[in-house]
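Worksheet: the structure to be examined is printed underneath.
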Amino acid sequence: MILLDGKILSKKIKLELSNEVNEIISLGQRKPHLVAILVGDNPASRTYVSAKEKACNEVGFDSTIIQYENNVPQEDLIKKILEINLDVNIDGLIVQLPLPKHIDEHLVIHSISHKKDVDGFHPINLGKMMLGLPTFLPATPFGIITLLKEYGVNTIGKNCLVLGRSNIVGSPISILMSRNTKFANATVTLAHSKTKNIKNLTMNADIIIVALGKERFLKSDMVKKGVVIIDVGINRIKSDRTRSGWRLVGDVDYDNVKNKASFITPVPGGVGPMTIVSLMKNTLISYKSLNKNKN
Ligand code: GUN
């Protein structure tokens with residue numbers, strides 16, 4: 001079994017990014033700048049946004065977190081987004097999801113300039129992704145593709161099963177894995193809560209990407225030997241193994257499934273760090289594209 005180690009790979013990519021930032025600074029230019037909008041007090045969202053801020057610091061980007069109360073009027077949020085769209089000192093803007101129920105998520109995403117949409121959630125960017133045109137790939141799918149590529153996992157003609165059809169992970173990764181490209185060129189099945197006989201599908205899959213948000217859902221008796229496992233889940237469970245009394249587990253029963261897998265991502269330390277570094281990559285791409293006439 002080979003560990004698809006997102007911690008090590010993301011460190012290597014962060015080093016490359018910080019070298020690029022140093023070059024930019026040595027030319028007397030401003031640093032790339034990512035802004036994250038956080039609404040409400042969802043603890044997981046808070047943790048993710050802090051991790052993104054930390055990564056910005058590590059690679060030498062400027063970062064700003066704009067925080068709103070849970071009951072912020074939608075117009076205020078959109079007004080701020082439109083302001084940021086016009087700010088020439090900001091290269092990337094993300095609005096951490098999920099948003100409170102009174103806010104229309106689609107309208108908010110639509111308000112972000114597609115040129116600064118480093119999450120790749122804007123319909124223009126998703127459309128470009130669908131067509132295989134250069135764009136910002138959503139960070140988690142981008143991170144998964146990078147892991148598969150860097151570890152030389154063969155995807156050509158393989159049966160790839162995606163579990164979960166979210167807009168953030170399941171749907172975009174199913175499109176990317178099914179494209180005719182060098183590093184992702186599989187036969188894809190997208191399964192979800194209404195899928196029947198999931199075990200038939202998992203037993204037939206060469207690659208399984210699990211993004212369900214159900215702790216340790218995928219068991220070892222559901223997979224074939226040699227399977228490649230990508231675990232996107234991050235679930236907090238009670239534990240007597242740690243001092244804090246809780247620990248993170250994925251959507252895969254890692255301790256048992258790892259014995260049958262040829263490649264597997266751990267949780268934590270697999271897809272999570274790759275998501276964050278992919279967002280950093282997108283921010284640098286945006287910086288270069290927005291500033292190309294100035295440099
Ligand atoms: N919520 C869960 N994942 C993400 C992500 O990649 N970007 C944003 N903006 N919100 C999320």
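Order of appearance sets the numbers: ligands from 1, and atoms from 1 within every ligand. Remember, it's a predicted structure, so these values are computed and weren't measured experimentally.
Between T275 and ligand 1, a contact under 3.5 Å exists for no N or O pair. Among the atoms of A139, none of the N or O lies under 3.5 angstrom from an N or O of ligand 1. Note: no N/O pair closer than 3.5 Å links P98 and ligand 1 by distance alone.
Between M274 and the options I144, L4, D5, I13, a side-chain contact (heavy atoms from CB on, under 4.5 Å) holds for only I13. Among K101, H106, H102, the single residue meeting the side-chain contact (heavy atoms from CB on, under 4.5 Å) criterion with D104 is H106.
Close approach of ligand 1 to V95 is summarised as follows: ligand atoms under 4.0 Å from at least one heavy atom of the residue are 8 (C), 9 (N).
In the hydrophobic clustering, L133 connects to L131, either directly or through intervening members, whenever side-chain heavy atoms lie under 4.5 Å apart.
The closest approach between E105 and ligand 1 stays at or above 4.0 Å for every heavy atom of the residue. Assignment of Y48 to the shell around ligand 1 is not supported, since no heavy atom sits closer than 4.0 Å. Heavy atoms of T140 come nearer than 4.0 angstrom to ligand 1 in no pair at all.
Of all protein heavy atoms, the one closest to atom 1 (N) of ligand 1 is L97 O, 2.9 Å. Remark: minimum distance from atom 11 (C) of ligand 1 to any protein heavy atom is reached at Q96 NE2, 3.3 Å.
Linking ILVMFWY side-chain heavy atoms closer than 4.5 Å, directly or via other members, places I230 and L161 in two distinct hydrophobic clusters.
Between K281 and E20 there is no salt bridge, since no side-chain N of the basic residue sits under 4.0 Å from a carboxylate O of the acidic one. A salt bridge is defined here as a Lys NZ or Arg NE, NH1 or NH2 lying under 4.0 Å from an Asp or Glu carboxylate O, and K31 with D91 fails to meet this definition.
In this pair, H122 and H110 present their aromatic rings perpendicular. The plane angle is above 60°, beyond the 30 to 60° band.
If you look at D119 next to ligand 1, the close heavy atoms, those under 4.0 Å, all belong to the side chain.
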